[in-house]
Amino acid sequence: MTQAEEMRSLPDKLHRTFFKSMSLLPARGQGLLLRHYFEWFHRTPDPWRHAVDPYEARKYATTLAHVEGDTFDRVLDVGCSEGTFTLLAAESYPQADVLGVDVSERAVHRAASRSKARPSGRTRFAAMDFLNQDPGGRFDLVVCAETLYYVGRDDRLRLASERLRSFLAPGGTLVLVHPWPEARRLHRFVAGDPLLVRRDEQVEHDGGRPYAVSSYRLRQQVRGGEAIAS
């Protein structure tokens, strides 16, 4: 790594260290601090420019193309921020019930307002700390993008991975989208989960900001006419 690259990466390293320190707290305490942090971060609309950045638009298109051809009745977007990707998913699956959740109430309030102005299928948004709260029911598709690095240390990352799997219906698909090669670390507990089977992984080197789109399917078997995880 050159000195210039090292200088550019320093803020990111400090950012990661900050969130790792949060994960020293019990999960509920961590969730409370994350809620306060992201409420503050969303003090101005669209802080990551999700709605206008061409890079983000390409990443969303790649994510949806990753599961193109599949049919989903219930879709969950974990860490939805202000709902840019959630609404695109709703357009792609107009027959589906689509739920976007985020720890920031400001973010989901803006997302809900955007949804009313641009209705797409059956779309809802809710403030939720996914480490400690459930979205209600199980989903055929769960997407978690650019979120897992906020949960911190390995024990909390393991918990987050187990929580995401618990939101899946039997046979459901989990899609993770994170920077590459950091995705190897962030996805490894999902990849090592015996209840999950990896479907595919796609690494995109987009404008020097590579990311991985990884998908997994929850195992299922039929017992007495009911699909259950096996």
*asked:* Contact between Q30 and L131 at the side-chain level, heavy atoms closer than 4.5 Å - yes or no?
replied: yes
*Test item: L196 and L168 side chains (from C-beta on) under 4.5 Å apart, heavy atoms*: yes
*Would a 4.5 Å heavy-atom cut-off, applied to side chains only, mark L176 and L186 as touching?*
no
_Treating R106 as the side-chain partner and E39 as the backbone partner, does any N or O pair qualify as donor plus acceptor under 3.5 Å?_
yes
_Could you tell me if the side chain of M128 sits less than 4.5 Å from the side chain of V108, heavy atoms only?_
no
*Do L34 and D129 come close enough that some side-chain heavy atom pair is under 4.5 Å?*
no
_Backbone of A107 reached by a side-chain donor or acceptor of D102 within 3.5 Å_ = no
*Would you call R165 and E162 a salt bridge, taking side-chain N to carboxylate O under 4.0 Å as the test?*
no
*Are the charged groups of R58 and E204 less than 4.0 angstrom apart, N to O?*
no
*Is the shortest distance from a Lys or Arg side-chain nitrogen in D70 or R199 to a carboxylate oxygen in the other one below 4.0 Å?*
yes
*Please state whether the rings of W48 and Y150 are parallel, tilted or perpendicular, taking 30° and 60° as the class boundaries.*
tilted
*asked:* So, taking the atom named CG in L88 and the one named NE2 in H50, what distance separates them when rounded to the nearest 0.5 Å?
replied: 12.0 Å
*In terms of ring plane angle, is the pair Y55 and Y211 parallel, tilted or perpendicular, where the classes change at 30° and 60°?*
perpendicular
*Please tell me if the side chains of Y216 and H187 come closer than 4.5 Å, counting only heavy atoms from C-beta onward.*
yes
Side-chain donor-acceptor contacts of residues 136-145 below 3.5 Å, not counting sequence neighbours, with atom names and distances?
residue	atom	partner	partner atom	Å
R138	NE	S166	O	2.7
D140	OD2	D73	N	2.9
D140	OD2	R74	N	2.9

*Can you check whether F125 reaches L87 side chain to side chain, under 4.5 Å on heavy atoms?*
yes
*hydrophobic_cluster_shared for F167 and L159, side chain cutoff 4.5 Å*: yes
*Mind telling me whether H42 and F38 have parallel, tilted or perpendicular rings, with 30° and 60° as the class edges?*
tilted
*Between R110, R49, R114, which is the residue that forms a salt bridge (charged side-chain N to carboxylate O under 4.0 Å, His left out) with E82?*
R110
*Got a donor-acceptor contact below 3.5 angstrom from the N132 side chain to the A27 backbone?*
yes
*Do the ring planes of Y37 and W40 sit parallel (below 30°), tilted (30 to 60°) or perpendicular (above 60°)?*
tilted
*Counting only heavy atoms not in R124, do more than 12 sit closer than 6.0 Å to its CZ atom?*
no
*CZ of R188: more than 12 outside heavy atoms within 6.0 angstrom?*
yes
_Side chain to side chain, V213 and V175, heavy atoms closer than 4.5 Å_ = yes
